[in-house]
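Accompanying notes for the structure given below.
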Number of protein chains: 2
Amino acid sequence: MTTPQDRLARDTRESVRGIPDATVARLPVYLRALTELAERGVATVSSEELATAAGVNSAKLRKDLSHLGSYGTRGVGYEVEYLVYQISRELGLTQEWRVVIIGVGNLGHALANYGGFASRGFTVVALLDADPDVVGEHVAGLRVRSTDELEDVVAAEGVSIGVLATPGPAAQDLCDRLVGTGITSVLNFAPVVLSVPEGVDVRKVDLSTELQILAFHEQRKAARDAVHAAGLTAADEHDAEEVAQ
Amino acid sequence: MTTPQDRLARDTRESVRGIPDATVARLPVYLRALTELAERGVATVSSEELATAAGVNSAKLRKDLSHLGSYGTRGVGYEVEYLVYQISRELGLTQEWRVVIIGVGNLGHALANYGGFASRGFTVVALLDADPDVVGEHVAGLRVRSTDELEDVVAAEGVSIGVLATPGPAAQDLCDRLVGTGITSVLNFAPVVLSVPEGVDVRKVDLSTELQILAFHEQRKAARDAVHAAGLTAADEHDAEEVAQ
DNA sequence: CTCTGTGAATATATTCACAGCC
DNA sequence: GGCTGTGAATATATTCACAGAG
């Protein structure tokens, strides 16, 4: 049984028009591949070609794109420029997003200088750090300001997304303060699980998590090779060896 | 009839293959939460407590842990130290993984200095960069060497995992050379889709992808709020009646 | 009683396979 | 003929809900 509440909750979680999370997570990849094709002067791609460029299979790509609408031409393919626009619009990249980066260590530096933001509508409008020695430095054309000014900066600069690149222990407090200003989107590089109220989205990027997942698969490969070598091969078994992203 | 061979083959396959990808991806999170609890001197946790600390719900946590074995005690919970060990073992973190970082820009610096690696069995044994000005610098206690030496370094240092933190255009070539040395696990921070032969695992961390996903949800929230604000007067008939009671 | 471990139910995601349009 | 868009089939993942161990 599905209650009206269930349906509302699902619609809210997914999207007004129902784009699955897994699809949303892949749209940026398609967008990158398309941008590259556009730069190379390619006007049209088939789902097969684009899928290869994006590292997925073509059925998945077509299904994903079908959630946005019917933007391809049967027998021909997709017009690159047009698809770039449609995906950008769907992702909300046709507007400017003003971002504050908190924590200007090596990672903060890398993020501040990262070219991939500006080209997709993200403008880093402020850098904050708690360390008085770092405050006042100029990084990526911005003067680093104190985290004391967080609330002022968010208000004055119209920030809508906060990026945390601080050490773990500092992150929760700064996150609380971001949320206090009304920000509802946080990208967290600090190695902690942030707790936030309902309605606030946190995405976490964890450098060591990814290595650990690789280690798991590497170990599994080693174990399988050992079994192989010992002659205990299960001939009926063939597992496709591809890491799910 | 079940022969001993059958049972061995099955047991091997299950223990090697049986853990779902989604579970594997969460194990590092549980491990981090458990490590924190251990440092705070907590000896035992319930699935509810651990789930909260890890930011998931308790049913999922229990299901995930059940794939590793029966390591809890009904009516009590899980012994923290023991679970740390079991998860570490399952992820392959009880052995040392020797890692090379290629590309020593801001991100490479951040990775080289990141404390979260060493504590989980990852040893950064070499740093490589293509820029002659960077080669020779000392970062995180290691002398940066030239990417020309890649093959030598991998062989001499017994590297099993490669981390690419280079600009996009350089990544595929360096990846090919890593694969050429026999490496089958690559963590890619460069903003390109790498193509690798069957049997090689690539995981990709993309700084701007995550921001784009946030932007999508932020846009959606804004759209919903707008509808809400505009639609308050034209409220849904039935709900209004029920609320009146 | 409490809290784990797990079948059964549900929800999501992927893949297949082909009808329908260019 | 070639390629998209999509139902139907399958595979994965999540959540429910409760039996049963301690």
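So you know, we letter chains A, B, ... as the sequences are listed, proteins then strands, and number each from 1.
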Just to verify, what does A/E81 make a side chain to side chain donor-acceptor pair (under 3.5 Å) with, not counting sequence neighbours?
none
OP1 or OP2 of D/dT15 less than 4.0 angstrom from a side-chain nitrogen or oxygen of B/N57, does that happen here?
yes
Contact list please: residues 65-83 of chain B against DNA chain C, heavy atoms, distance less than 4.0 Å, in numerical order.
B/S66, B/S70, B/Y71, B/G72, B/T73, B/R74, B/G75, B/V76, B/G77, B/Y78
Provide, to the nearest angstrom, the distance between the CG atom belonging to B/L61 and the P atom belonging to D/dC16.
15 Å
I'd like to check the salt bridge (charged side-chain N to carboxylate O under 4.0 Å, His left out) partners of B/E49; sequence neighbours left out, ordered by chain and number.
none
What residues form a salt bridge (charged side-chain N to carboxylate O under 4.0 Å, His left out) with B/R89, not counting sequence neighbours?
none
For A/T184 and B/E218, does a side-chain donor sit closer than 3.5 Å to a side-chain acceptor?
yes
For residues 189-199 of chain A, run the donor-acceptor check on the side chains, cut-off 3.5 Å, and write out each pair with its distance to 0.1 Å, sequence neighbours left out.
none

Salt bridge (charged side-chain N to carboxylate O under 4.0 Å, His left out) filter on A/R98, not counting sequence neighbours, yields A/E96, A/E157
Heavy atom of residues 29-50 of chain B under 4.0 Å from DNA chain C: which residues?
B/S46, B/S47
Among all residues two or more places apart in sequence or in another chain, which pass the side chain to side chain contact (heavy atoms under 4.5 Å, CB included) test with A/D173?
A/R177
Each nucleotide N or O in nucleotides 8-13 of chain D that has a protein N or O under 3.5 Å away: list the pair and distance.
| unit_1 | atom_1 | unit_2 | atom_2 | d |
| --- | --- | --- | --- | --- |
| D/dA13 | OP1 | B/A22 | N | 3.4 |

Side-chain donor-acceptor pairs of residues 27-39 of chain A under 3.5 Å, sequence neighbours excluded:
| unit_1 | atom_1 | unit_2 | atom_2 | d |
| --- | --- | --- | --- | --- |
| A/Y30 | OH | A/R26 | NE | 3.4 |
| A/Y30 | OH | A/D64 | OD2 | 2.5 |
| A/R32 | NE | B/D206 | OD2 | 3.4 |
| A/R32 | NH2 | B/D206 | OD1 | 3.0 |
| A/R32 | NH2 | B/D206 | OD2 | 2.2 |
| A/T35 | OG1 | A/L31 | O | 2.6 |

Residues in side chain to side chain contact (heavy atoms under 4.5 Å, CB included) contact with B/A170, at least two apart in sequence or another chain:
B/T166, B/L174
Applying ring pair (Phe, Tyr, Trp, His ring centres under 6.0 Å) as the test, list every pair that has at least one member in residues 57-85 of chain B; sequence neighbours left out.
B/Y71-B/Y82
Can you check the A/R62 CZ to C/dG20 C1' distance for me, whole Å?
13 Å
